[in-house]
**Student:** 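Here it is, the structure, as structure tokens.
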Amino acid sequence: MASSKVGSIGEYIREQRTRAKISLRQLADVSGISNPYLSQIERGLRKPSAEILQQIAKGLRISAEALYVQAGILEDREADTDVQAAVRADLGLTERQKQVLLDIYASFLKENEAAGVLGAEFAEAAAQAAPGPAPHVQAPHAQAPHEAAAHEPAVHESAEPHERNGKEEVG
């Protein structure tokens, strides 16, 4: 049974590579994986690790999660919200940073749902985004207008030049 899963991930990778019009050698180069090893993965002879799948996903410019699901590492879940999809697609973030952002997002959705701010479909999306207990996130303290003024530097009302010791200064 496991070999059919291995074969399906290889077939899926080959399909994605073909759609992207990338040769096996090109994908191996951009992924940092040897050409023979990638060929063995595509033919179902090798089972790639999560790290290798992540490198392949990066080379194909697809989500690593899609490969994880195909390989049976992750269970398939409902479609992401636009925010979740954007975080997962961001190449400038590490996988850990993406997960932390998704956990925070999920906790905000759960908090809003508990307060009756959001509908149940968003709460369900939050539960799917972070299946474990949501981390407690302290919301930024909103300052009252008088508090904000106390922390802001004083601004001069006039930007007219002032003269001091014979030199012109802007104040």
Side-chain angles (χ1 to χ4, degrees), residues 1-140:
M1 193 72 154
S3 65
S4 66
K5 257 307 189 205
V6 172
S8 68
I9 184 62
E11 292 168 11
Y12 183 77
I13 291 169
R14 179 182 295 130
E15 180 182 312
Q16 295 302 311
R17 181 178 58 76
T18 306
R19 284 184 182 175
K21 297 183 168 106
I22 301 173
S23 72
L24 185 71
R25 189 174 306 277
Q26 289 170 323
L27 180 57
D29 287 344
V30 297
S31 300
I33 301 169
S34 76
N35 191 29
Y37 184 59
L38 184 57
S39 174
Q40 290 174 349
I41 292 170
E42 283 194 358
R43 290 182 290 142
L45 302 175
R46 293 286 188 124
K47 181 179 179 186
S49 67
E51 292 81 17
I52 295 295
L53 289 174
Q54 185 175 2
Q55 290 174 257
I56 293 170
K58 191 174 182 181
L60 290 171
R61 295 181 179 241
I62 63 173
S63 104
E65 183 178 324
L67 291 182
Y68 295 159
V69 168
Q70 199 66 32
I73 295 172
L74 284 180
E75 289 184 20
D76 201 6
R77 57 192 179 105
E78 292 185 25
D80 287 343
T81 66
D82 289 342
V83 171
Q84 292 163 324
V87 168
R88 285 192 174 91
D90 193 323
L91 299 176
L93 298 173
T94 66
E95 289 302 313
R96 175 71 181 129
Q97 290 167 334
K98 290 176 187 181
Q99 190 56 53
V100 168
L101 282 173
L102 291 171
D103 289 346
I104 292 169
Y105 178 69
S107 72
F108 284 147
L109 291 178
K110 286 179 183 178
E111 183 178 307
N112 289 346
E113 196 268 336
V117 177
L118 295 176
E121 68 277 3
F122 287 107
E124 181 66 28
Q128 294 294 327
H136 178 70
V137 178
Q138 182 71 33

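The model shown is predicted, which means the values in this text are computed figures rather than measured ones.
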**Student:** Using atom types as modelled, flag every donor-acceptor pair under 3.5 Å from a side chain in residues 31-38 to any protein atom, sequence neighbours excluded.
**Tutor:**
unit_1	atom_1	unit_2	atom_2	d
S31	OG	L27	O	2.8
S31	OG	Q55	O	3.3
S34	OG	Y37	N	3.2

**Student:** Rounded to the nearest 0.5 Å, what separates atom NZ in K58 from atom CG in L53?
**Tutor:**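 Between atom NZ of K58 and atom CG of L53 there are 14.5 Å.
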**Student:** Does E113 form a salt bridge (charged side-chain N to carboxylate O under 4.0 Å, His left out) with K110? I'd like the steps, not just the answer.
**Tutor:** CA-CA 5 Å; E113 196 268 336; K110 286 179 183 178; over 6 Å; no
**Student:** Looking at every non-hydrogen atom in both residues, tell me the closest pair between A64 and Q54 and how far apart they are.
**Tutor:**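 In this case the closest contact between A64 and Q54 is CB-CA, 4.2 Å.
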**Student:** Check step by step if side chain to side chain contact (heavy atoms under 4.5 Å, CB included) holds for I22 and V30.
**Tutor:** CA-CA 10 Å; I22 301 173; V30 297; 5.6 Å; no
**Student:** Within the supplied structure, the quantity of interest is the number of heavy atoms (other residues, nucleotides, ligands) at a distance under 6.0 Å from K98 NZ; does it exceed 12?
**Tutor:**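 Check passes, neighbour count above 12.
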**Student:** Do Q99 and D103 come within less than 4.5 Å of each other through their side chains, counting heavy atoms only?
**Tutor:**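 A side-chain contact under 4.5 Å exists here.
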**Student:** Indicate yes or no: at least one non-hydrogen side-chain atom of L102 is less than 4.5 angstrom from one of R88.
**Tutor:**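 A side-chain contact under 4.5 Å exists here.
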**Student:** Can you name the nearest heavy-atom pair linking Y12 to A66, along with the distance?
**Tutor:**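 The pair with the smallest heavy-atom distance is OH-CB, 3.9 Å.
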**Student:** Do the side chains of R43 and R14 get nearer than 4.5 Å, heavy atoms only?
**Tutor:**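 In short, these two side chains touch, coming nearer than 4.5 Å.
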**Student:** Measuring from atom CD of Q16 to atom CZ of R61, what distance do you get when rounded to the nearest 0.5 angstrom?
**Tutor:**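 It comes to 14.5 Å.
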**Student:** Under a 4.5 Å cut-off applied to non-hydrogen side-chain atoms, are I62 and I56 in contact?
**Tutor:**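 No, side chains not in contact.
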**Student:** Do the side chains of L101 and D90 get nearer than 4.5 Å, heavy atoms only?
**Tutor:**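 Side chain of D90 against side chain of L101, heavy atoms only: no contact under 4.5 Å found.
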**Student:** Applying side chain to side chain contact (heavy atoms under 4.5 Å, CB included) to L67 and I73, what does each step give before you reach the verdict?
**Tutor:** CA-CA 8 Å; L67 291 182; I73 295 172; over 6 Å; no
**Student:** S49 and E51: side-chain donor and acceptor closer than 3.5 Å?
**Tutor:**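 There is such a pair between these side chains.
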**Student:** If you look at every heavy atom in S39 and L24, which pair is closest and at what distance?
**Tutor:**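 Of all heavy-atom pairs spanning S39 and L24, the closest is CB-CD2, 3.7 Å.
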